[in-house]
Amino acid sequence: MSTDAAHTVLAGLDDARDDLESFYRDLHEHPELSHQETETAGKVADRLRSAGYDVTTGIGGTGVVGIIENGDGPRVLLRADMDALPVHEATGLDYASTVTTKDADGQPVPVMHACGHDVHVACLATAAALLAAKKDQWSGTLIALFQPAEEVGDGARGMLDDDVRDIVGAVDVAFGQHVLPMPAGVVGTRVGPVLSAANSMRVIVHGRGAHGSMPQAAIDPVVLAAMIVIRLQTIVAREVAPTEPAVLTVGSIHSGSKSNVIGDSAVIELNVRTYNDETRKHVLDAIRRIVRAECAASASPKEPDFELYDEFPLTVNDETVTQRVTAAFADFFGDKAGELPLQSASEDFSDIPSALRTPYSYWGIGGIDPDTYAAAEQAGRVSSDIPVNHSPYFAPVVQPTLDVGTQALVVAALAYLSSDADASASRSRTA
Ligand code: ZN
Ligand code: ZN
């Protein structure tokens, strides 16, 4: 069974645990914004080199790839994202971030690992080292990939534009994971769509400015934008089947500067989450249709402008790969392994495997203290009491979160790399 190899490799975790935890606290205390992950990348590269990996740095900015070749066998890619968010940390942890920096527009912003990418980096660096230390337990090639700028959706594409394909070569299977607001200790897998596709759109509608006391001389963009915001809510409610999840949020709306001046335009920024390409296309087309029609209804003097940005692909876990990993997790984690609910968040993890035509699986691990979670669940207050990713209070408990994140990566990799992985795969197929 491949779990034998996993237990042998993971026996090394007892000695590595102090280092894993202190590396995590160090990353948490020193977060870096998207595209600025230079120190994090440097620490990762040093660790991979000392574990015996062939390391390439600076891919697509700060991306790092470590490769270790260990005889015949599959080529397995494990991925972690490295960036933090412009959030002011409010966790009160003794290793909380007090970092401030400048964002892409040069504005000073606080920085916090509010999405848990520090967990991903620490776990992958440790899993990579543990696997390298027990090369007699597996054969094949292990590729550890650390990508920048997941939060802005273009880090993986940046690595592809910088020819990461040539560095990693052919890849047979790819894995990624995310720490989520579930009880720490659990690991969840899911076949098929797991994370939504996301699209942000900026819409500019045009009116005609005038004095606030003379509406007859104006075409009021505030009223036009208000009509659009309300009417857009009918897309999900009236045009998408109730069995098909979709979200449309208008997150920002701006027009005018003074109470008695009618402005000449309004800017609406919205975000769409969908789980299949047909729905995504329908919703985006419906937005354009409604905006144009409302502009016509208001006698807008100019066609509206549409700009798509911050695009995230759909994440769809391969069935065969996910079943194999699910069986390996069930062997190793027992009843702590389960099904991951469909997530409304989005990721650019799939960009690289999709470009390489590599099947992949992406799973979730819990990060919330199990007693705290159970108490919130009992009180029916999970949504209000449990801080989620991107919250200034998001604070995964160090353990068992870090152990499980490291173990999951090793177990999944060995489901393909260990000498008896084929036997366990055929066993899981017939189960
Ligand atoms: Zn995030
Ligand atoms: Zn994230």
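Both counts, for ligands and for their atoms, begin at 1 and track the order of listing.
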Could you give the side-chain donor-acceptor pairs of residues 237-249 under 3.5 Å, partners two or more places apart or in another chain?
from: E239; atom 1: OE1; to: H282; atom 2: NE2; distance (Å): 2.9
from: E239; atom 1: OE1; to: R289; atom 2: NH1; distance (Å): 3.4
from: E239; atom 1: OE2; to: R289; atom 2: NH2; distance (Å): 2.7
from: E244; atom 1: OE1; to: N276; atom 2: ND2; distance (Å): 3.3
from: E244; atom 1: OE2; to: N276; atom 2: ND2; distance (Å): 2.9
from: E244; atom 1: OE2; to: T279; atom 2: OG1; distance (Å): 3.4

Identify all side-chain donor-acceptor contacts of residues 87-94 below 3.5 Å with residues at least two apart in sequence or on another chain.
from: E89; atom 1: OE1; to: H28; atom 2: NE2; distance (Å): 3.1
from: E89; atom 1: OE1; to: S97; atom 2: N; distance (Å): 2.9
from: E89; atom 1: OE2; to: H28; atom 2: NE2; distance (Å): 2.8
from: E89; atom 1: OE2; to: T91; atom 2: OG1; distance (Å): 2.6
from: T91; atom 1: OG1; to: L93; atom 2: N; distance (Å): 3.3

Checklist outcome for this item: With sequence neighbours left out, the residues meeting side-chain contact (heavy atoms from CB on, under 4.5 Å) with T372 are D369, I386
Item to check | Whether W363 and F175 hold their rings parallel, tilted or perpendicular, with breakpoints at 30° and 60° | outcome: tilted
Item to check | Check: E32/T40 side-chain N/O donor and acceptor closer than 3.5 Å | outcome: yes
Checklist entry - Hey, does the side chain of T126 reach the backbone of L20 with a donor-acceptor pair shorter than 3.5 angstrom? => result no
Checklist entry - With a cut-off of 2.8 Å, which protein N/O/S atoms are close to the Zn ion (ligand 2), if we only count those under it? => result C115 SG, H117 NE2, H178 NE2
